[in-house]
Every structure is written in C-alpha cells, then in structure tokens.
Amino acid sequence: MPLLGCIADDFTGATDLANTLVKGGMTAVQVIGVPDSALPEADAVIVALKSRTAPVREAVAESLAACEALLSAGARQVFFKYCSTFDSTDAGNIGPVADALVRRLGCGFALANPAFPTNGRTVYQGHLFVGQALLNESGMENHPLTPMRDANLVRVLGRQTDGAVGLVPFATVEQGATAIRRAMTVLKESGRRYAIVDAVTDAHLLAIGEAAAEHALITGGSGVAMGLPANFRAKGLLPERGEAAAALPPMQGHAAVVAGSCSRATLGQIGYARDHAPVLELDVLAQPEAAALAAQALEWAEGKLGAQPVVIAASAPPEKVAALQAKLGRDAAGALVEQALSTVAAGLVERGVRRLVVAGGETSGAVVSRLGVASLRIGPEIDPGVPWTYAEIAGPSGGLHLALKSGNFGARDFFLKAFDA
Ligand code: ADP
C-alpha cells in the first residue's frame, strides 16, 4: 500500500520526484501512464502522465483516473507534481487539474509550491525566480508551448482556476512549520482554495512539508516533496530505510548508451566518451531511414558488447540538426531518430544488454514504450536528478537497469561513471 500517491504531468518530472523521495528514505516506483492493473509495492507510487500540454479535458480526466488508482491502492496523501518553472498557460493545466483533485479529495484547499533552490528556482513574495531572473525574464517567456510571461504565481494560478489564491509570504515561512500551518489555515478559512507558499531555501521546503503533513493534497515541484518522508516516519508509518530505499536487483549483462539528445551537456558527454569507449555517431542526414540506421548501429555493436559500455548516438550539433529538419520537417526528423534509436535499444536488449543509459527526454519516452516498460523502480542517484532504475519487462530477459537522462543533466563523464557503481 503506498503512503504517498503522486501524479506527475511529465515523464522526467516524475523521475525527478521519485528520486527526491528515494533520497528521503522512501521506496518509489514510477508507473508509465494511468495504471490498468494492480500498483507495484512501494512507499511512493508516481504515475507519470504526459498531461503538461495536453488538452485541458484530457489532462483532467487522466489525472483523476490516476488519482482514483492511487486512492484505491490505499494512498494516504496525494501529490500533484508539475515543473519548477510552473510550465502552464492561462487555460491550464495546473489550475484545472488541481481544481479537479481538490474536488475529488474534498479537501477544499491545497498549497502550491514549485521551488527547487538547488536548481535556482525560488519563490519570494509569490514571485518565481530562475537564478537571479524573474521567471518572465529567464528565457521561459519564449518557451514554445508554455511561455511564462508573468512571474507572479498568485496571478498566474489565479487565471487558471475559479478558486481564490492567497500567499504565505517569506516572513511567515521563515518562522517555521507552525507559523506556515497557521497561515494556511487562515487562508483556507477566509475562502482561499490555494496558497502560493514562498520558499528560498531547502530549510523552507522542509518546514512547508512538515506544515502540510495532514493535507490530503499537495501540489508543487519535486522540491516541496523533500519534507514528506519525515511526516510518514513521525507517524510510525515509514520504517528507517536509509540507503536500502534505493536498493535494486544486482546489475548484470552488457552495458550500452543510446543518445538522442542534442543538448550541450549530452554533446559534451559524447565528446568525453570518444576517448574512453567505442562510440558510433550515426549520420542521419546521409542515411535518413530508421531501419537502415538501426541495422547499421547493431552491426557495428556486434563483438563490442560487454561490461564496458558502447555508445550509439544520433545527437548532432545545431547546424546538423537544422539541416535534417530542413530536409524532413522538424517533427518528422525527431520521429525518425526516435524510431531508429528505440529499434537500436530493443536490438541491444535482444543481444544481452541489461544496463542501458538513454540520453534525451523524448528519446527516453520512445525507448521505454518500445521496450514495453510499464513501471520503473527507482534506485541510487548517478548525478543530480538522474537515478538508476530497474524495469521488469515481459519475455525471457526478465528485467533491465535503465538510466534515463534528460538532455541537460549529468557531468561530462556521465556515460562512463554510470557504469562504475
Ligand atoms: P533533450 O532531453 O535534450 O531535449 P530529447 O530526446 O527530448 O532530448 O529531444 C531531442 C530530439 O532531437 C529527439 O526528438 C531526437 O529524435 C531528435 N534528434 C536527435 N538527433 C537528431 C539529429 N541528428 N537531427 C535531428 N533531430 C535529432
């Protein structure tokens, strides 16, 4: 029976939250999409949806279905996870999903806090900062899908809900959990449905978590989840697990990296790997055909697979990406590469790879769905935000270890370091 049931509005956000909970001593499993069978055993279950930019009605319906599955499994508290930059539009989906969950849980009130100080996301007087910049001057104002043109979260959330939004300001948060709890009660009693809660440091997040111990619903980024494991321990519901929370089955089988991210960090990691491991860089422009690219990659890997990783990358610098996009169109170019790389991943697993790093958020989604992965048990962190996970898959292979790295994450030696543990 899960203690904490989580609904995440995107895939890598779900992993980020799961990773935070595991570091706090909870076992965690990430389920891909609304579960249609019994939930796996864990202290926290995180249902990963793709609801951030979905049509509002679809996002609400999926989130409610996820909530239902978590409640019927016995979850004692529900957490709605969104991005630390509050990615949304005036139409949603943070407000409408939160409204639906507040109604379903009958709680009338929830806090909202996207802060993640370690990554430079802080909330002060209701305003969200990214590093030293206000959200609307951070680059997020140009996001293609969810441009954030207002940093005042009381206003931003206010435009997405028919409920009223209040603020628990810095001065109150500084005073600690009791003061925060009191301020939230006052807001609720004065008719507010939400409270944006300021947070500038991890200590603030821990205090907010403690103040929300009895809340049926918490909404926020992964940061505000930091304080939640302690609540369950204080109630005697969660044993002291320590590092055992991150325990996975032993690693075995061949090692490989598949990269489809073209971010600067990933290109640097490929550059580093060139001097330390066999690296194949696919020339997608010269061979724009998924099956042929995959066949070429798998033939190259023949005889090279073993305990040391091989790296297969479609990743390319901006001018090459632009050239392929000009030739095929942006979506078709992405889909072609995702198809090629997911075929490569499936081929590698057939050839005995059981430890696989995938670089790129979209690329990870494609690989996970191609491999038929339904859930991921979250293990130890390799680099900030990127844990090893273990996926049970149907068929003779049984299961494999996956590390799904969102583009900008990981140190330069990530592709080698991941396999050192
Ligand atoms: P990130 O996490 O860095 O954003 P993603 O995997 O989410 O990485 O996105 C990268 C996208 O770029 C994917 O759709 C991938 O298929 C595509 N892509 C990868 N290599 C190339 C390339 N050489 N040319 C064009 N698109 C590419």
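We count ligands from 1, going down the list as the structure has it; atoms in each ligand are counted the same way.
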Atom pairs, nitrogen or oxygen, ligand 1 to protein, under 3.5 angstrom:
unit_1	atom_1	unit_2	atom_2	d
ligand 1	2 (O)	Gly361	N	2.9
ligand 1	2 (O)	Gly407	N	2.9
ligand 1	3 (O)	Ser261	OG	2.7
ligand 1	6 (O)	Glu362	N	3.4
ligand 1	6 (O)	Thr363	N	3.0
ligand 1	6 (O)	Thr363	OG1	2.6
ligand 1	7 (O)	Gly361	N	3.2
ligand 1	7 (O)	Glu362	N	2.7
ligand 1	14 (O)	Glu338	OE2	2.5
ligand 1	16 (O)	Gly334	O	3.0
ligand 1	20 (N)	Ala314	O	3.2
ligand 1	23 (N)	Ala314	O	2.9

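In this structure, Phe116 has no ring-ring contact (aromatic ring centres under 6.0 Å, His included) partners at least two apart in sequence or on a different chain. Remark: His276 pairs with Tyr272 by the ring-ring contact (aromatic ring centres under 6.0 Å, His included) rule, at least two apart or across chains. When the side-chain hydrogen bond (donor to acceptor under 3.5 Å, both in side chains) test is applied to His401, no partner is found at least two apart in sequence or on another chain.
Of the residues listed (Val197, Val123, Ile196, Asp198), the one engaging Pro169 in a side-chain contact (heavy atoms from CB on, under 4.5 Å) is Asp198, and it is the only one.
Side-chain contact of Thr27 with Asp43: a donor-acceptor pair under 3.5 Å is present, judged by distance alone.
The closest donor-acceptor contact from the side chain of Asp10 to the backbone of Gly13 lies under 3.5 Å.
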